[in-house]
Protein chains: 2
Amino acid sequence: MSAERYLQIGEVAEQLALTPRTLRYYEEIGLLAPPSRMEGGFRLYSAADIDRLESIVQLKRLLGFSLREIKQVVEAMESLKLLRQESKQASDLETKRDSLRKGLEILEQQVEVLDGRMRQVAELRDQFNERSRRVRERLQQIEAELQAVVVETSS
Amino acid sequence: MSAERYLQIGEVAEQLALTPRTLRYYEEIGLLAPPSRMEGGFRLYSAADIDRLESIVQLKRLLGFSLREIKQVVEAMESLKLLRQESKQASDLETKRDSLRKGLEILEQQVEVLDGRMRQVAELRDQFNERSRRVRERLQQIEAELQAVVVETSS
DNA sequence: TAAGACGTTGACTTTAACGGAAACTGCGCC
DNA sequence: GGCGCAGTTTCCGTTAAAGTCAACGTCTTA
């Protein structure tokens with residue numbers, strides 16, 4: 001079973017529109033956990049590795065986060081995953097509860113960060129929108145005046 | 001009149017949490033129009049200069065825009081200002097209308113960029129929020145179970 | 001008039017990669 | 001099994017962007 005498809009660096013790079021060099025770089029700076037290798041040393045990326053890479057790329061493109069910031073986020077997500085497993089396997093309810101609480105805390109922190117960022121962007125957008133609205137008003141007014149002139153001359 | 005308060009580079013830097021060196025750098029790469037100077041050569045920044053700097057800093061921090069991208073935005077805003085003056089002075093309505101249209105186009109483009117960015121961030125936040133919600137549910141469930149055990153043993 | 005900003009210039013640093021050399025691996029084909 | 005070649009490995013150097021640091025001289029102002 002589980003013909004779990006592993007990809008080599010070149011294929012992964014193409015899929016994510018990065019270069020193999022960049023993937024090695026991400027690994028080097030600890031952004032990406034070292035993937036498994038073939039006997040000969042070639043890197044083999046699992047579906048999970050690729051998922052993780054995808055969120056890295058998304059964070060980078062969407063938020064303009066630095067790789068250092070992304071690393072923090074990714075690490076938080078990683079510890080979240082650990083907590084989930086821990087909670088799942090825990091036999092006693094108290095341990096389970098504590099894991100969940102901890103996980104919840106991490107999640108809420110992430111939400112807060114994103115929420116803050118989003119609100120700031122929204123505010124900036126609203127400012128532009130308001131200016132836009134005012135210009136549109138002026139424009140309509142001018143166009144009405146022009147229309148009036150045309151009607152007048154054609155009569 | 002107009003005790004228009006001019007600030008020196010150090011004060012401006014402090015206000016914006018940049019270094020004087022960075023301000024000179026922004027000027028050097030054409031991001032910031034050269035401010036006026038004292039007789040001795042010290043830079044004097046006007047309120048308008050500082051406003052402009054504030055949007056630069058905001059764009060950088062919020063969106064992770066590169067200085068080159070920011071320069072484009074700033075230039076667009078600058079030309080918008082020119083257009084507004086032009087439109088104000090233009091005697092014929094058609095010129096006025098055309099200026100306004102052009103300005104509007106620039107503004108709408110900016111709004112679109114910001115809007116897109118904002119929605120994407122919001123989406124990511126919602127994903128986290130959803131996970132958060134689910135964990136909270138699980139947690140309540142566990143807590144209820146724990147409660148049940150306590151009641152049971154104490155009876 | 002002395003201390004402390006500020007001026008310019010050039011070299012240095014950090015971040016996020018890119019490029020190339022030299023050796024090694026995987027794999028299809030004879 | 002051996003050959004060839006594309007893909008990969010590590011190592012090391014380079015680059016562009018965005019600054020920072022240092023030196024040394026000038027200006028402001030208490």
Side-chain angles (χ1 to χ4, degrees), chain A residues 3-46 49-50 52-75, chain B residues 3-46 49-50 52-75:
Chain A
E4 166 130 32
R5 197 51 221 311
Y6 283 95
L7 299 185
Q8 286 185 220
I9 199 165
E11 305 170 280
V12 176
E14 197 183 355
Q15 229 183 76
L16 298 175
L18 301 172
T19 66
R21 190 73 184 71
T22 300
L23 293 183
R24 285 185 212 111
Y25 173 67
Y26 283 178
E27 188 181 327
E28 188 187 325
I29 64 174
L31 197 54
L32 189 62
S36 54
R37 305 271 187 136
M38 292 189 207
E39 277 161 38
F42 283 23
R43 266 163 263 247
L44 284 177
Y45 294 85
S46 71
D49 290 331
I50 293 167
R52 187 163 159 168
L53 259 171
E54 258 161 9
S55 24
I56 290 173
V57 169
Q58 222 194 5
L59 285 171
K60 218 178 118 42
R61 304 233 164 108
L62 283 189
L63 307 184
F65 278 11
S66 72
L67 293 187
R68 189 175 300 180
E69 289 169 305
I70 291 174
K71 197 173 166 187
Q72 281 176 3
V73 174
V74 167
E75 270 162 10
Chain B
E4 166 131 33
R5 197 53 221 313
Y6 282 95
L7 299 185
Q8 287 186 217
I9 198 164
E11 304 171 281
V12 176
E14 198 183 354
Q15 230 183 74
L16 299 175
L18 301 173
T19 66
R21 193 66 186 81
T22 300
L23 292 182
R24 288 185 209 111
Y25 173 67
Y26 283 177
E27 188 181 326
E28 189 186 323
I29 64 174
L31 196 56
L32 190 62
S36 52
R37 305 271 185 135
M38 292 187 205
E39 277 161 37
F42 283 24
R43 268 162 263 246
L44 285 176
Y45 294 84
S46 72
D49 289 331
I50 292 167
R52 185 163 159 167
L53 259 170
E54 256 161 10
S55 26
I56 289 173
V57 169
Q58 230 191 0
L59 285 171
K60 219 179 117 44
R61 302 232 165 110
L62 286 188
L63 307 184
F65 278 11
S66 72
L67 294 185
R68 189 174 298 180
E69 289 169 306
I70 292 175
K71 197 171 167 186
Q72 280 176 2
V73 174
V74 167
E75 269 162 12

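Throughout, a chain's letter reflects where its sequence line sits, starting with A, and its residues are numbered from 1. Values in this document were obtained by computation on a predicted structure and should not be read as measured data.
Contacts between residues 19-29 of chain A and DNA chain C, defined by a heavy-atom separation below 4.0 Å, involve Thr19(A), Arg21(A), Thr22(A), Tyr25(A), Tyr26(A), listed by number. Interface residues of residues 30-38 of chain A facing DNA chain D, ordered by number: Arg37(A); criterion, heavy-atom separation under 4.0 Å.
Gln58(A) meets the side-chain contact (heavy atoms from CB on, under 4.5 Å) test with Leu62(A), Leu124(B); sequence neighbours excluded. Glu69(A) is linked by a side chain to side chain donor-acceptor pair (under 3.5 Å) to Ser66(A), counting only residues two or more places apart in sequence or in another chain. In this view, Ser46(B) and Asp49(B) satisfy the side chain to side chain donor-acceptor pair (under 3.5 Å) rule, not counting sequence neighbours. Under the side-chain contact (heavy atoms from CB on, under 4.5 Å) criterion, Val73(A) pairs with Leu59(A), Phe65(A), Met77(A), Gln110(A), sequence neighbours left out.
To the nearest 0.5 Å, atom OH of residue Tyr26(B) and atom CZ of residue Arg52(B) are 13.0 Å apart.
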Could you list the donor-acceptor pairs under 3.5 angstrom formed between side-chain atoms of residues 14-23 of chain A and any protein atom two or more places apart in sequence or on another chain?
residue, atom, partner, partner atom, Å
Thr19(A), OG1, Thr22(A), N, 3.1
Thr19(A), OG1, Thr22(A), OG1, 2.9

Donor-acceptor pairs are to be reported for all side-chain atoms of residues 30-43 of chain A against protein atoms at under 3.5 Å, with residues two or more places apart or in another chain.
residue, atom, partner, partner atom, Å
Ser36(A), OG, Leu44(A), O, 3.2
Arg37(A), NH1, Gly41(A), O, 2.9
Arg43(A), NH1, Glu27(A), OE1, 2.8
Arg43(A), NH1, Glu27(A), OE2, 3.1

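Along DNA chain D, read 5' to 3', the first and last nucleotides having any atom under 4.0 Å from a heavy atom of chain A are dG7(D) to dG13(D). The outermost nucleotides of DNA chain C lying under 4.0 Å from heavy atoms of chain A, listed 5' to 3', are dT15(C) to dG26(C).
The residue among Phe65(B) and Gln8(B) whose nearest nucleotide of DNA chain D lies closer to the 5′ end is Phe65(B). Place Arg68(A) and Phe42(B) on DNA chain C by their nearest nucleotides, and Phe42(B) ends up nearer the 5' end.
Residues Ile70(B) and Ile56(B) share a closest heavy-atom pair of CD1-O, 3.8 Å.
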Inset, instruction - Evaluate the criterion side-chain contact (heavy atoms from CB on, under 4.5 Å) for residue pair Ile29(A) and Arg68(A); output intermediate values, then yes/no. - result: CA-CA 9 Å; Ile29(A) 64 174; Arg68(A) 189 175 300 180; over 6 Å; no
